[in-house]
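Take a look at the structure below.
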Amino acid sequence: MKNIEIKPDIYWVGAVDWAIRDFHGYNTPNGTTYNNYLINDQKVTLVDAVKYEYCSSTIENINKIVDISKVVNIVVNHIEPDHAGSIDMIMKLVPDALIYITERGKKGIERYFDTSKWNFKIVKSGDVLKTGKYTLLFLETPMLHWPDSMVTYVKEAKLLISQDAFGQHIATSARFDDEFLKSNSQVELDDAVVDYYANILMPFGQLIKTKIADIVKLGLDFDMIAPDHGLIWRTDPGGIIQKYLDMANGRADLRVAVVYDTMWHSTEHMMAPIIQGIRDEDVDCKAIKLRESPMSFAVKEIWKARGCLIGAPTINNVMFPSLAQFLYHLGGLKPKNRIMAAFGSYGWAGGAVREAYEMFKRIGVEVMEPGIQIQYRPSSEDEEKCYEFGREFAIKVKEYHKKFEE
Ligand code: FEO
């Protein structure tokens, strides 16, 4: 079996998780990979570990290149268990290895493992490790996306090992973007990038811009970005950086995502004329029924669209639970540069639409007010109102979208 050499004497030694569909609540229909890298230099250095379940697989990959006992350094770019979960197993094999980690990383990893016998070297931005022919430069990236996070730049290899940043949840036999694109589409790859960004990195847009600016300022020359999930970017690493900058700046398409649920189809009945109204304003629209779709799918669709409508029935004077859960989760993701409005049906008293607007304000998105609510089943007059609501929302979305095109 061939080893996967990504640069001279630098190897991918990670694992492909074909089966995972629930990544801490995030639906991953295409699985994922846990990438880590072995620098087989004079001082053999492992950059990141893998998820606990894949420990034996990464050890096997390392042993095919060099006996694991030769590993003298371990770089921990990020302590989340999908990467650092197997480190105690590895440390049992190389107990004298020196762990390069940020101060916050050390404090965090001590909460997961008994580290009392481990050797640490605390690093901060600008610190370097010479492994022989290679120089590793560490750059802290706090809150991208954990406090401990950092990236490792391998100067002579022009390689940026970026931990979670620039990743995608795709399980594939391809390791590089160009390999993947030989038999898969660019659309599929772009969709995976957006899905990952929306569900993991959406709250950190401002930090992403700052950190990318820092990297540009340092003038780092790299022709490969190797993330900890999915494909390694070697065709056009500048392209994925630009995509991240666009998303961090709030890039979205001129379209509307309708995230809804329905009890006895009344809210769904409202949706048909609303979508017709949006369509008649030449704005594309996609509806996602929450109980039939993973929440992460709805998050991605919202992130792709400039406008979002919430269709929420009222139950016991409050919002239907799936929508309440979704908006609560969205509040944590802090979407920026999006416009939202709400509609829904109720029986004896409303509540859901009012609550939706309260949540929009907490999230901090633009809103179109008022929303629209209908008692029981919409009449033909109500349907007309819904149609006009859809048109009016599409017009507002178009106006709002112009701000981002200037
Ligand atoms: Fe892939 Fe933040 O761990």
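Order of listing sets the numbers, starting from 1, for every ligand and every atom in it. Note that the structure is a prediction, hence the values are computed from the model and not measured. Position 1 is the first residue of the sequence; numbering continues from there.
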Can you list the protein N, O or S atoms less than 2.8 Å from atom 1 (Fe) of ligand 1? D82 OD2, H83 NE2, D164 OD1, H229 NE2

To the nearest 0.5 Å, tell me how far L330 CG sits from M295 CE. 9.5 Å

I need the full list of ring-ring contact (aromatic ring centres under 6.0 Å, His included) pairs touching residues 68-98, with sequence neighbours left out, sorted by first then second residue. H78-H83, H78-H145, H78-W146, H83-H229

Who pairs with F113 by ring pair (Phe, Tyr, Trp, His ring centres under 6.0 Å), at least two apart in sequence or on another chain? W118

Can you establish whether the number of heavy atoms outside E5 located under 6.0 Å from its atom CD is more than 12? yes

Please determine whether the number of non-hydrogen atoms from other residues, nucleotides or ligands lying under 6.0 Å from atom NZ of K209 exceeds 12. yes

Which residues share a ring pair (Phe, Tyr, Trp, His ring centres under 6.0 Å) with Y54, sequence neighbours left out: Y34

